[in-house]
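One structure is given here, and the rest of the page talks about it.
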Amino acid sequence: MSHWLIKSEPDVFSITDLEKVGREPWNGVRNYQARNYMWKDMKPGDLALFYHSNAKPPGVAGVAKVASEAYPDPSQFDEKSEYFDPKATQEKPRWWLVDFEYVGAFKELLPLDSLKNDEVLQEMIVCQRGSRLSITPVEKVHFTRVCKLAGWKP
DNA sequence: GCCAACGTTGGC
DNA sequence: GCCAACGTTGGC
């Protein structure tokens, strides 16, 4: 099983929103690297840290689970969507996504600051300066450590 | 195929 | 609101 970190702006879609809907297609990702992770590497059952970006403070808010195989992102075909991509066709979709399912919210948000100050988590991609990728792989030790710091049991 | 210009992300 | 980082676009 692989582990991941997925970013979302809580003003747009937060861990609480995911809890309410239970399951959400992760649409709108328009970065090839992030797409490739969903397309090729994610497997149903993989766990992901749900990260709140552009928040005060930013940090990990909870845990979600990959809940589907990859399939074409419908929003790329929708002319009215802000994610519409004129170069994508039904025959050759450009963007792929998976569904995520709610697993649990941390009791309190674990701030990015705490990750950066933790000895074990120095190498985490989200701790690196200028890290913008919205979906990143996470080492199992890092995943476990984050959960421990948050006082959360899988 | 290079690279300058431009746009976006996201922490601060 | 600023700006560093970095991905994308398009002219050549």
Side-chain angles (χ1 to χ4, degrees), chain A residues 2-21 24-42 46-66 70-100 102-139 141-143 145-152:
Chain A
S2 306
H3 297 82
W4 307 93
L5 181 142
I6 56 176
K7 292 183 186 173
S8 185
E9 302 191 17
D11 291 347
V12 180
F13 191 81
S14 70
I15 188 82
T16 313
D17 295 323
L18 182 61
E19 182 176 13
K20 274 182 211 147
V21 297
E24 178 77 2
W26 212 245
N27 62 21
V29 171
R30 293 294 178 268
N31 171 285
Y32 287 106
Q33 217 178 331
R35 178 206 65 178
N36 288 345
Y37 286 137
M38 290 198 284
W39 187 25
K40 298 180 182 165
D41 300 326
M42 283 190 186
D46 283 358
L47 292 177
L49 300 170
F50 195 106
Y51 180 89
H52 282 178
S53 63
N54 258 324
K56 294 182 214 161
V60 181
V63 175
K65 183 163 75 177
V66 177
Y71 61 96
D73 181 343
S75 66
Q76 69 191 307
F77 308 123
D78 178 3
E79 284 185 45
K80 281 171 295 212
S81 167
E82 57 173 318
Y83 301 123
F84 176 66
D85 184 343
K87 290 181 182 160
T89 63
Q90 297 280 350
E91 295 73 34
K92 288 193 99 177
R94 202 186 244 206
W95 305 108
W96 297 70
L97 53 67
V98 298
D99 291 353
F100 279 100
Y102 177 80
V103 174
F106 291 165
K107 210 167 173 188
E108 289 179 355
L109 181 111
L110 182 64
L112 177 60
D113 248 3
S114 305
L115 307 190
K116 286 185 169 172
N117 288 329
D118 187 75
E119 254 181 51
V120 182
L121 301 176
Q122 293 304 305
E123 304 294 317
M124 263 185 92
I125 294 170
V126 78
C127 290
Q128 307 309 311
R129 183 192 159 122
S131 159
R132 299 189 309 161
L133 199 56
S134 62
I135 296 178
T136 61
V138 171
E139 301 283 335
V141 281
H142 293 155
F143 186 92
R145 178 67 175 168
V146 166
C147 292
K148 189 174 179 209
L149 289 177
W152 188 82

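Quick caveat: nothing in here was measured; it's all calculated off a predicted structure. All chains are named by letter (A, B, ...) in the order of the sequence lines, taking the proteins before the strands, and each is independently numbered beginning at 1.
Aromatic pair A:Tyr71/A:Trp95: ring centres not closer than 6.0 Å.
Phosphate proximity of C:dA5 to A:Arg129: present, with a side-chain N or O under 4.0 Å from OP1 or OP2. Residue A:Tyr51 places no side-chain N or O under 4.0 Å from the OP1 or OP2 atom of B:dT9. For B:dT9, the OP1/OP2 oxygens have no side-chain nitrogen or oxygen of A:Lys7 closer than 4.0 Å.
Counting to the nearest Å, the C1' atom of B:dT8 and the CG atom of A:Leu133 are 13 Å from each other. Atom CZ in A:Arg35 sits roughly 10 Å away from atom P in C:dT8 (whole-Å rounding). Atom P of nucleotide C:dT8 and atom CH2 of A:Trp95 are separated by 7 Å, given to the nearest angstrom. Distance A:Asn54 CG to C:dC2 P: 16 Å, rounded to the nearest Å. A:Arg132 places its CZ atom 6 Å from the C1' atom of C:dA5, with the value rounded to the nearest Å. The nearest whole Å value for the distance from the CZ atom in A:Arg30 to the C1' atom in C:dT9 is 17 Å.
Sorted by residue number, the members of residues 110-127 of chain A with any non-hydrogen atom under 4.0 Å from DNA chain B read A:Leu112, A:Lys116.
Ring geometry for A:Phe13 versus A:Phe50: interplanar angle of 30 to 60°, hence tilted.
Between A:Leu5 and A:Ile125, the closest side-chain pair of non-hydrogen atoms is not below 4.5 Å. With a 4.5 Å cut-off on side-chain heavy atoms, A:Asp118 and A:Met124 do not count as touching. With a 4.5 Å cut-off on side-chain heavy atoms, A:Trp4 and A:Leu49 do not count as touching. At least one side-chain heavy atom of A:Asn31 sits less than 4.5 Å from a side-chain heavy atom of A:Leu133.
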